[in-house]
2 protein chains.
Amino acid sequence: MRSTTARPANIHQARLLRLLRDLGPQSRVALGDQVELSRSKLAFEIERLLETGLVVPDGLAASRGGRRSHNVRITPALRFLGVDIGATSVDVAVTNAELDILGHQTEPLDVRDGPVAVFEQVLALVGKVRETASVEHFDGAGIGVPGPVRFPEGVPVAPPIMPGWNGFPVREAMSQELGCPVLVDNDVNLMALGEQQAGVARSVRDFLCVKLGTGIGCGIVVGGEVHRGVTGSAGDIGHIQVEPDGLRCACGNAGCLEAYFGGNALARDATAAARSGRSTELAGRLEAAGRLTAEDVSAAAGAGDAVALELIRWGGKRTGQVIAGLVSFFNPGLVVIGGGLTGLGHNLLASIRTQVYRQSLPLATGNLPIVLGELGQCAGVVGGARLISDHVFSPA
Amino acid sequence: MRSTTARPANIHQARLLRLLRDLGPQSRVALGDQVELSRSKLAFEIERLLETGLVVPDGLAASRGGRRSHNVRITPALRFLGVDIGATSVDVAVTNAELDILGHQTEPLDVRDGPVAVFEQVLALVGKVRETASVEHFDGAGIGVPGPVRFPEGVPVAPPIMPGWNGFPVREAMSQELGCPVLVDNDVNLMALGEQQAGVARSVRDFLCVKLGTGIGCGIVVGGEVHRGVTGSAGDIGHIQVEPDGLRCACGNAGCLEAYFGGNALARDATAAARSGRSTELAGRLEAAGRLTAEDVSAAAGAGDAVALELIRWGGKRTGQVIAGLVSFFNPGLVVIGGGLTGLGHNLLASIRTQVYRQSLPLATGNLPIVLGELGQCAGVVGGARLISDHVFSPA
DNA sequence: AAACTTTCTTCATTTGATGGACAAAGCCGG
DNA sequence: CCGGCTTTGTCCATCAAATGAAGAAAGTTT
């Protein structure tokens, strides 16, 4: 059992650690090109990092026409844990200090079982991943939950789809259990961080990350930093109105986006289409499985079912309506689409794009990529690792 | 003619200048309470500021039981210019370094006359205010225009309501003309800065500032900083859709907020109500003036005209619909309502509030004040002065 | 092997910032 | 009016941070 992980002593060391995390093993000179420090100072700080063990030598680099440089890297012993608790599933992954995934586990879960049962399950899964990746000790964990979080305390607040979680001290409990620093955040924020770290949003400073799953949420990154809002509920776009006096929503209002699209709405509409006989394809699948999910709609669409295709197109259109508004408002440099429903395929993305480009202002959409996330299911766990590594790689 | 204004030599001096700007004359010790500097260092930096003339002695403060302190203040000779060009009017004001308004002029203007004609008029007005406030030289100017701006260059881009302005080098031209540093920004951003500086948003770090005028826009402040978006069009909420397949909008789309509310829509609806005979009150005013404006609607509502009241209520409701979405998305700590249409009175605000509180998530609205701006017509010019003073009070 | 490059280390020096000592200036009670 | 107390302003020795230059170490090229 190791004692608590060493921490950088100052902002320079923190900066260097993050560079080594993002760029991999580097020579001192290469690092010097990234930071505004004299070579002496740089060498000194690296010496300190070597002393604390946070950084280790990593052999010699190829010569560039002179003396070969001694590379350094973050100690490969570091292990971060990323946990992405969704409404219906959980992902757990271990990473090294460079945020490469060393082990990944996923399994179904019902967040409505409440925090105690869920954490029992999560901890079991953590145990499994720990075993397969032969990890003893975590140096930090980033945990995502499908609802608003008071970030500084790491406590969910008034989560609509997570009854029983309100006020549950997730951060404290997990920190105790895992014996390492823990940060808790909304799952969409972690997804955004993941795509920023290792996905499609690298080097973009202002972007939106829309997660289409059981619910619909949006991570907001401003100037490279996640914007969480004053109560931690920023990005909760599932209940933005898309149709005045429209369909009744579970939240009590009418016309919310989630009343029209998202995992729940899609299952509802698909089931209705199957029952009404409008889609024999879906009816067959309903017969077979007892209930329909987004995967059934996806498969039906793939099989050419017109109703399923129409459901996807309309869902994309409704989503596009909301995103169009957000794009006009926020003027991002990129919109990332992720979450379970991206399994619905290209039709969904095309439909979203069409609606956004049609409806937002030309200046805001002129050079606006709307793309699928690169990391898929891993975005959340990578984001979790990124979140806690930012924390661990900051002065104590 | 003075040479160019001195600038602070480092961030400490910049910090001190901004403190003196916001807090007024202060003693060294009082300043020391606000910054994390030793008394020696603080005294040293103030000495430097005194030497450059940016700061001057300001007499003795009352004793607090010991030696009386020597106050200092920013040199009262400094003069900032704030210019707020709206679609139909322009405001010009001179301030001192503490951003108190020393002179204010306003007059009607048609931004569609194009940049050359408009600037002729603006410069004439600047001349007038310069005369009445007996100012010779400006130390900086902040200029707001009613459309998106590429902020670093100070150039309007693709402004829908400002034909002929696209690419016009406002910053460069005005800097030349005025002989001082100039920054150009969207008018709603200046309004937000104004309310943050001297209005209702003091000490709020995340807020929205919705401007209801001829058009409708929204200033976004994140972490105390204005968010302008990647192309400078952030906050352009006038063309967010409030009604799918709704009224045709001038922008080419359908169902935009500005098709339902804003100065133009209101005048249109009021005229229609007058012509159709639904409102004799409005008909009378139309007869008298030849055309109707927001003021007529306001007056009619004040006189108890039911149709006018209804127009206001519906406008507020439409606006509230959009704001509700933004609140869910952005989770601000405050929403400020400003702009010419706030003259419509309390009914408008009440209507907006009702809609937002009804439609946004409880967590986001739970403790969310929605209030009128404090500065009214002056918000823009104060924001302009604030913008440029931030620039002047930053290291060269 | 000589000349040139690139990398790493050392060190004297400069610059930045601190905190303590003390003087100046005010209050208050006797 | 005088001595004790408090607050403010200034001075200065000292500590800490960062730098740039010099030179040693380790390669490559000709």
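In the text below, chain A, chain B and the rest are named by the order of the sequence lines, each starting its count at 1. Small disclaimer: the values here were computed from a predicted structure and weren't measured.
Contact check for A:Cys209 versus A:Val221: no side-chain heavy atoms found under the 4.5 Å cut-off.
Looking at residues 14-25 of chain B, you'll see that no heavy atom sits under 4.0 Å from any atom of DNA chain C.
Partners of B:Pro395 by side chain to side chain contact (heavy atoms under 4.5 Å, CB included), not counting sequence neighbours, listed by chain and number: B:Ile11, B:Ala14. Listed by chain and number, the residues in a ring-ring contact (aromatic ring centres under 6.0 Å, His included) with B:His12 amount to none (sequence neighbours excluded). For A:Glu374, the side chain to side chain contact (heavy atoms under 4.5 Å, CB included) partners two or more places apart in sequence, or in a different chain, are A:Glu195, A:Val200, A:Arg202. Partners of A:Leu190 according to the side chain to side chain contact (heavy atoms under 4.5 Å, CB included) rule, which considers only residues two or more places apart in sequence or in another chain, are A:Asp185, A:Leu193, A:Leu387. Scored by the ring-ring contact (aromatic ring centres under 6.0 Å, His included) test, B:Phe393 finds B:Phe80 as partners (sequence neighbours excluded). The side-chain hydrogen bond (donor to acceptor under 3.5 Å, both in side chains) check on A:Thr231 picks up B:Asn331, with sequence neighbours excluded.
When DNA chain D is scanned in the 5' to 3' direction for atoms under 4.0 Å from non-hydrogen atoms of chain B, the outermost contacting nucleotides are D:dT6 to D:dC11.
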For every nucleotide of nucleotides 10-22 of chain C, 5' to 3': is a protein heavy atom under 4.0 Å from its base (B), only from its sugar-phosphate (S), or from neither (-)?
-> B------SBBB--
Between protein and nucleotides 1-6 of chain C, map the contacts as a letter string: B base, S sugar-phosphate only, - none, heavy atoms under 4.0 Å, written 5' to 3'.
-> ----BB
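For A:Asn367, the CG atom counts as loosely surrounded, since its 6.0 Å shell holds 12 or fewer non-hydrogen atoms of other residues, nucleotides or ligands. Counting heavy atoms of neighbouring residues, nucleotides and ligands inside a 6.0 Å radius, atom CD of A:Glu177 does not exceed 12 of them. Within 6.0 Å of the CZ atom in B:Arg205, the count of heavy atoms belonging to other residues, nucleotides or ligands does not exceed 12.
Listed by first then second residue, pairs satisfying salt bridge (Lys or Arg N to Asp or Glu O under 4.0 Å) with a partner in residues 37-50 of chain A read A:Lys41-A:Glu45, A:Arg48-A:Glu51, not counting sequence neighbours. Legend: side-chain hydrogen bond (donor to acceptor under 3.5 Å, both in side chains) pairs involving residues 378-396 of chain A, not counting sequence neighbours, sorted by first then second residue: A:Arg21-A:Ser389, A:Arg21-A:Asp390, A:Gln196-A:Arg386, A:Gln197-A:Arg386, A:Arg386-A:Asp390.
As rounded to whole Å, 7 Å separates atom P of C:dT9 from atom CD of A:Glu47.
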